[in-house]
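Hydrogens, waters and symmetry mates play no part in the numbers below; they use all other heavy atoms, side chains included. Order of listing sets the numbers, starting from 1, for every ligand and every atom in it.
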Amino acid sequence: MKFLVHTYGCQMNVRDSEAVEAMLVAAGHEKAASEAEAELVIVNSCTVRQKAEEKAVGKTGNLCAAGKLTGLMGCAVKRLGEDVFKRLPRLDFAVGPRAIGLIPKIVADGCFPRLELGEEMMSEALASHVEGGVQAFVTILVGCDNRCSYCIVPDVRGHEYSRPAREIVAEVRSLVAHGVKEVCLLGQSVLRYGVRNAAWDGSDAPSPGGYAEAFPRLLEALAAIDGLRRIRFTSAHPKGCTDELVRAYREFPQICRHLHLPVQSGSDRILADMGRHYTRAEYLAAVAKLREFDAEFALTTDVIVGYPGETEEDFEATRSLMDEAGFDNSFIFKYSPRPGTRSAARPDDVPMAEKERRDQVLLADQERRGLERNSLLVGTVREVMAEGPSKRNKARWSGRDGGNRIVVWEVPPGEVPPRAGSIVRLRITEAHAQTLVAVPA
Ligand code: SAH
Ligand code: SF4
């Protein structure tokens, strides 16, 4: 059958969709070139904010109306449970994020409607990859137990579990053997890898080294794989920014000097209410540690504006923290109450217009800050992994430096373009808030 998977939400979902595609291909199905051609369409949904869920459910409704075999997978399914069929009466199947390994069987069985919310993450679903790319996502940690007050992720993705290191290392080896040059390790809080359960055998015992050991040791094991040029990981928590982690950065040049370190707020009062387990000062100490090690270390973040009770003063604290941290990029989210979370019990009392205003202020700040940070790099030579022709301008190539910054450069007509996945040395000539322009060095 010809199929297509539409993905909403985070990189975790991008990875899950890829696994579903790989499993369907292995089961004899074929990826469709367009939606019109597809006989089976699956939507991978997000539910982190209400808007995100509405988008995915809305899209699925349109597909159901088109009369194709339609499935919904991912976080919104787990949140909605059986209600998913009330919202989408013509939906054929719905599969929660930990049950995606069942999709090929569900399609083969052909008994609809069908709902699977399963708790066991299947290792086949974790390890299946689509071949051919130079970059790959690898899930190392599933679920989350942090229970930040606003967040629905623990409800829909289940308990935190670290995959056994030998499984991860074998998977990355196999990816590299098939041409992958860069891996990005995924988890809600990757630096917690091996903290809750032992990373070496996947058993339930916590690993003795805690934060200090398991993740840096995994990095060490991956850095030993020949042919793997770059290792990235996301997302991170400041508690995991240990001396051991910095040592891993220093020791292994393959580990990219970029960290996505969601801060959420710069106000201690709000951070405590959110249950983030760090203060503003502790967060900034983690930033200082990374930037002392390398002043060009790239930091990106997530921020929520309009959290219940967020005052103008709290908001200004977030603004000043963002400047102090000098974020290279940031993702701003307007607070959205999610059913069943702690903060949803409180009034959503920042008016939408004020959330919009705070959002715009932070975006404008980031535009200025991004330009300032990037301007410091003009004249430097950077190692850039070529990804492909730039989407905006076909005469240009696009790639990323170790800090995950987008770099574009001109390949003169007649010259052989670089191969995707090769690393080129470029001198930065021009800085923009979100991109750098370069020439071959
Ligand atoms: N596990 C990651 C975050 C996963 S959710 C971490 O803790 O680092 C991705 C982002 O969505 C969060 O960082 C947060 O900024 C945003 N988010 C989560 N719940 C939200 C909500 N209820 N309203 C608005 N934004 C939210
Ligand atoms: Fe949500 Fe917090 Fe877990 Fe991140 S760490 S997924 S924000 S509960």
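- Heavy-atom separations between Lys334 and ligand 1 include at least one value shorter than 4.0 Å.
- Looking only at heavy atoms of the protein, atom 22 (N) of ligand 1 is closest to Ser336 O, 2.8 Å.
- Ligand 1 has a nitrogen or oxygen under 3.5 angstrom from a nitrogen or oxygen of Gln264.
- Among all non-hydrogen protein atoms, the one lying nearest atom 5 (S) of ligand 1 is Val48 CG2, 3.8 Å.
- A salt bridge does not link Arg276 to Asp302: none of the charged side-chain nitrogens sits closer than 4.0 Å to a carboxylate oxygen.
- Heavy-atom contacts of Tyr150 reach the following atoms of ligand 2: 7 (S) (cutoff under 4.0 Å).
- Coordination check, Cys148 versus atom 2 (Fe) of ligand 2: passed, since an N/O/S atom of the residue sits under 2.8 Å.
- Nearest-heavy-atom check against atom 7 (O) of ligand 1 across Arg49, Arg276, Gln11 picks out Arg276.
- In terms of protein heavy-atom proximity, atom 19 (N) of ligand 1 is closest to Tyr150 CD1, 3.3 Å.
- Using a 3.5 Å distance cut-off with no hydrogens or angles, the side chains of Arg163 and Thr139 do not pair a donor with an acceptor.
- Residues Glu244 and Arg247 are paired through a salt bridge, judged by an N-O separation under 4.0 Å between the basic side chain and the carboxylate.
- Under a 4.0 Å criterion applied to the non-hydrogen atoms of Arg276, ligand 2 contributes the atoms 2 (Fe), 7 (S).
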